[in-house]
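Read through the structure below, which is laid out as structure tokens, and then see the notes.
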Protein chains: 2
Amino acid sequence: MSEQSQDLPERPKEGEEGDKGPSKSALKKAAKEKEKAEKAAKRKEVEDAQKKESEANDVSAHDYGELPMIGSEPYVPRADTAKRIQLAELVKKEDVSGQEVTFRAIVENARNQSAKLAFLVFRQGFNSIQAVVAASDVLSRQMVKFSGSIPAESVVLVHALVQKPKEPVKSTTIQHLEVHVKKLFIIAKADAQLPMQVEDAERPIPGEGGEELKEETEGRPIVTLNTRLNNRVIDLRGKHNHAIFTIKDGVSLLFTEFLRNRGFIGVNTPCLLGAPSEGGANVFEVSYFATKAFLAQSPQLYKQMLIASRFEKVMEIGPIFRAENSNTARHLTEFTGLDLEMAFEEDYHEVVTLLEELMLYIFNGLKDRYGRETELVRSIYHVEDFALPAAGAVPRLHFKEGIQMLRDDGVEIGDFDDLSTPDEKRLGALVLKKYGSDFYVLDQFPLAIRPFYTMPSASTQNAYNPSSPDTGYSNSYDFFMRGQEIMSGAQRIHSASYLEQRMREHESPVDPKSEGLRDYVNAFRYGCPPHAGGGIGLERIVMLWLGLPNVRLGSLFPRDPGRLVP
Amino acid sequence: MSEQSQDLPERPKEGEEGDKGPSKSALKKAAKEKEKAEKAAKRKEVEDAQKKESEANDVSAHDYGELPMIGSEPYVPRADTAKRIQLAELVKKEDVSGQEVTFRAIVENARNQSAKLAFLVFRQGFNSIQAVVAASDVLSRQMVKFSGSIPAESVVLVHALVQKPKEPVKSTTIQHLEVHVKKLFIIAKADAQLPMQVEDAERPIPGEGGEELKEETEGRPIVTLNTRLNNRVIDLRGKHNHAIFTIKDGVSLLFTEFLRNRGFIGVNTPCLLGAPSEGGANVFEVSYFATKAFLAQSPQLYKQMLIASRFEKVMEIGPIFRAENSNTARHLTEFTGLDLEMAFEEDYHEVVTLLEELMLYIFNGLKDRYGRETELVRSIYHVEDFALPAAGAVPRLHFKEGIQMLRDDGVEIGDFDDLSTPDEKRLGALVLKKYGSDFYVLDQFPLAIRPFYTMPSASTQNAYNPSSPDTGYSNSYDFFMRGQEIMSGAQRIHSASYLEQRMREHESPVDPKSEGLRDYVNAFRYGCPPHAGGGIGLERIVMLWLGLPNVRLGSLFPRDPGRLVP
């Protein structure tokens, strides 16, 4: 696999081909480039000569080395191109011993055992295998030395013989096989010194991984969350991170799979809004040509307008932006929202039931299809198995009942107080104890702590029911996992006049005639069926399913008030 | 279905239950609310009395009227809740005549034929059916009058008998059946005067629908694109719009379906960036707490960093933001990107081939699964069927060949000139003529007109190939539908040092050490396999598949330099 330098005649440069002749600076540049090229050519000539000389003394000269950058040379199809294998295939097949294979892999580590023997570990995805490079009549000591010196994390092309090791290999995932290298080329060389090691990323975050930490970090540098996120490309190489994001993708897949079967259609609503739509707090402002725009805090108003547009059931997966200056382990300024909205017939609990079924479908799908990934993450972040309720038996508590359970447990809390984070966690623990489920629904939240578009509880005093008492509750609900909220939803008001009234009466009043709300309110003047929905935080599901200590670990490139890179 | 008013004792208000007593203003507010409630109660009493009196003379008194707002009254499960049907079911079943059905529908129109007879058209999704309300011993003239006067677009609950009409109904999609109404309730009443009519939305945009326009708009008001977008909730109710967005969702579905089968994983990369990443032009600026952020113009750099993070094949569907002040029929400031990136073995054409297969999968999927929707849209926007190449026979032209075809057709154009929009369309027509395909690939674009991360063409002079000629091309490609670009892609540079060189050399140089690019460049120091990918504009595929005259018609709530609402 020697370099295929081509001696084609030089062609005129682009600047010389147009209508106008080249400018002075262009000529200067061209002259400089020519000089540079000539120097480089000379350097190469010397190198080539040196190479030839050393090759003459090396029986393996053509079997190892650094390949030219792929794509930088004309491609000549090779006979073995199609035959490149995946390590995963080796695991599945029986009796592969003695087979000759070609594959691309990462060097997990490499070491020279002696002048005649080098050991490497090759990785591909979740799989790793041991490689032996042994000097022989047809394999030079130079090649052994080269092999054992390849920097970790380099990408290589391997030609090797699959063999059974004398005893099972302990340090690799594939233990019953190893490969004996015949050729080894570097495709992309990694720097010798990396800012952090992949294996250091494969341990819990210091200070957030629980008691196991001390023991596990013994003798290894402690890499903080901040350092990991600063070097996220290396950090993400950790196998548990691949597992986390495979699971995250799985949640999205299960979400759409379930909803499509129920007749939902996927939609794309705008992130750029002409005016802050949900009260104006916590919204990011954007310079938009001569005017301003605002980043959507949720697709809420648009989902509803689509219901008014006769789309009966809509779902959306998209980014959610919150300009909340919260530096906690559960807040991000940008995260992925799994949103849905649907028209219902008579009662919003039709939607609550569907949402419960959706979540159970996701949980069971994760159990069935992502067991290996879940296991892998839990080997690092030790956490109790997620306690699932039986289908159709999801604990659904009236807010009142939740308050009562907290009071019975000694918490002082008002009937209509919002739950603090510790209260939520405590209630989650109480529900787990009483109902045996880490997943439950709190229904009928106090109206005063919900957004203006929330439908007040049935029999709450309103324009249609002036003689009814004011219960103070609303047709709204939160879903919880391990005592933390993952979804918020409600029946929405589908009457324009009542919506206007609620907008004015609300604790944080908004103006129904404002630019950002006018079209939204009008949508309900054109005849809109009753509807309800909810918004799920994708990263929170991932975090709570796996018991991760920080929601940032559920985002590839997390954003918080202090972090915008990488 | 009379109102179920409840005479429960009044309960204390929220403010009176906390630890502190109510404030003066709260007391005042409470007094006012009490007064208001008393007045409303009195009004209701009078109304109820009037209602009772009129009911005494109306045999159908309990069979029609406006329902209380759903959710505003305690829900009592009704025996027929589960039995509500979809009109689509009626079409599928045989011999439904004589069956009694209950369903929720939209009133497409209503008219009183006489004092004893009213006709309505009910709609549900793509289906509509004629309804007859005829006075009889058990159906009052009052009810007939009420039924014929329901404002179009109101949401109603219908109890009716399915019958065969004397002759097929012409004005509805269901022609062999009609319903004879027994009960009819308004769930959500539409305003009598809407800003525009749904049927007016179901005709092509004036000035952009071709010659058919004059004829089709005869006798009807011409509704401009602007008016339609201003009243998008009504506009979207048009059946062709439901078809368009069903197809749009179909493209996303087919995209992920194909790629999942090929081992791709769905990812979510950030929209908020710490620095403009792709040169700094056309980027929206965001106020981000005490600093600034920028909206991603594509997930380009992040997709590549994920390849460097050992995700071999990634895909993403998400919003793309372009601060381009272009008011054309094919530009949006926010659109949906279908992005993918993958590592390859030896040659970037491995990826081009996969992309071709992906597009064919999408096209064939649209043909097979969305024929009805495509038909429906094309009944309004007349356009030639999309000419598909045979699988594996997608025309793939070298950029040189494209230029030659244009020249042969009389276009004056330089070897390395970018194609103008008219050039693109002309080349599309030439390719269609020569190869019989509306879909083709232009490969090996001039290096100078592609972004800095594009891999120069093989045998182009570079650090690795100093003696090679500078061909001026690059390993990059555009995909075209009907002569318009829908996807741009390339092999990317996977060597940090070469990338730095190209960044400095580029026509629009960027600084490899800048905040927005540092982490990106570093990613390639840690060993990254060769990779290529592409980004597809979802709305453009929809527009060009259907032959829509404006890309805005492919966006639910389009955004352009002059539009941020609704």
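Lettering of chains follows the sequences in order, A, B, ..., and the numbering in each one begins at 1. Values below: all heavy atoms of this structure, side chains included; hydrogens, waters and symmetry mates excluded.
Contact count versus chain A (heavy atoms, under 4.5 Å) is highest, among B:P319, B:G516, B:A290, B:A496, for B:P319. Chosen from A:G238, A:G250, A:G527, the residue pairing most often with chain B at heavy-atom distances under 4.5 Å is A:G527. When the candidates B:G266, B:A188, B:G125 are compared by the number of heavy-atom contacts under 4.5 Å with chain A, B:G266 comes out ahead. Interface summary for chain B: among A:G562, A:P561, A:G414, the most heavy-atom pairs under 4.5 angstrom belong to A:P561. Ranked by non-hydrogen atom pairs under 4.5 Å with chain A, the options B:N241, B:L301, B:L253 are led by B:L253. Per-residue counts of heavy-atom pairs under 4.5 Å with chain A were compared for B:N231, B:I234, B:I317, B:V198; the largest is that of B:I234. Looking only at heavy-atom pairs under 4.5 Å with chain B, the residue among A:F335, A:Y302, A:F245 that has the most is A:Y302. Interface check for chain B: of the options A:T333, A:D235, A:N475, the most heavy-atom pairs under 4.5 Å are formed by A:T333. Among B:P270, B:A275, B:A152, the residue with the largest count of heavy-atom pairs under 4.5 Å with chain A is B:P270. No other option in B:E153, B:K39, B:H242 has as many heavy-atom pairs under 4.5 Å with chain A as B:H242. The candidate with the highest count of non-hydrogen atom pairs below 4.5 Å against chain B, out of A:Q124, A:R525, A:H494, is A:R525.
Rounding to the nearest 0.5 angstrom, the gap separating the CZ atom in A:R310 from the CD1 atom in B:I106 is 3.5 Å. Taken to the nearest 0.5 Å, the OG1 atom of B:T291 stands 7.0 Å off from the CG atom of A:L564. Atoms SG and CZ, on A:C271 and B:F557 in that order, are 13.5 Å from each other to the nearest 0.5 Å. Of the inter-residue distances, the one linking A:M305 atom CE with B:L556 atom CG reads 10.5 Å to the nearest 0.5 angstrom. To the nearest 0.5 Å, the span separating CG on A:N268 from OG on B:S252 amounts to 6.0 Å. The OG atom of A:S495 sits 14.0 Å away from the CD1 atom of B:I187 when rounded to the nearest 0.5 Å.
Only the side chain of A:R123 comes within contact range of chain B, judged by heavy atoms closer than 4.5 Å. Interface residue B:N230: only backbone heavy atoms are found under 4.5 Å from chain A. Proximity to chain B (any heavy atom under 4.5 Å) is restricted, for A:L538, to the side chain, taken from C-beta onward. Looking at B:P195, only its side chain comes within 4.5 Å of chain A, counting heavy atoms on both sides. Both the backbone and the side chain of B:L273 come within contact range of chain A, judged by heavy atoms closer than 4.5 Å. Residue B:L295 touches chain A through its side chain alone, counting heavy-atom pairs closer than 4.5 Å. The parts of A:P529 that come within reach of chain B are both its backbone and its side chain, each placing non-hydrogen atoms under 4.5 angstrom from that chain. Heavy atoms closer than 4.5 Å to chain A are found in the side chain of B:R260, but not in its backbone. The contact between B:D191 and chain A is made by backbone and side chain atoms together, counting heavy-atom distances below 4.5 Å. Of the two parts of A:T246, the backbone and the side chain both hold a non-hydrogen atom closer than 4.5 Å to a non-hydrogen atom of chain B.
Put simply, the side chain of B:E345 never gets that close to the backbone of A:R84: no donor and acceptor are under 3.5 Å apart. Not one N or O on the side chain of A:D249 forms a donor-acceptor pair closer than 3.5 Å with the backbone of B:I265. Using modelled atom types, one side-chain atom of B:E334 and one backbone atom of A:L272 make a donor-acceptor pair closer than 3.5 Å.
Electrostatic pairing of A:R104 and B:E312 counts as a salt bridge here, judged by a charged N lying under 4.0 Å from a carboxylate O.
Across all their heavy atoms, A:I70 and B:P530 have their closest contact at CD1-CG, 3.8 Å. Scanning both residues, B:A523 and A:V233, for their nearest heavy atoms gives CB-CG2, 3.9 Å.
Under the 6.0 Å cut-off for aromatic ring centres, B:Y288 and A:F321 do not qualify, their centroids lying 6.0 Å or more apart.
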Checking side-chain contact (heavy atoms from CB on, under 4.5 Å) for the pair B:L306/A:L236: CA distance, chi angles, key distance, verdict? CA-CA 8 Å; B:L306 289 173; A:L236 283 174; 3.9 Å; yes

Give the C-alpha distance, both sets of side-chain angles, the deciding distance and a yes or no for side-chain contact (heavy atoms from CB on, under 4.5 Å) between A:E285 and B:V286. CA-CA 6 Å; A:E285 200 178 290; B:V286 182; over 6 Å; no

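Taking the six-membered ring where the residue is Trp, A:F289 and B:F284 present perpendicular rings, their angle passing 60° and hence far from 30°.
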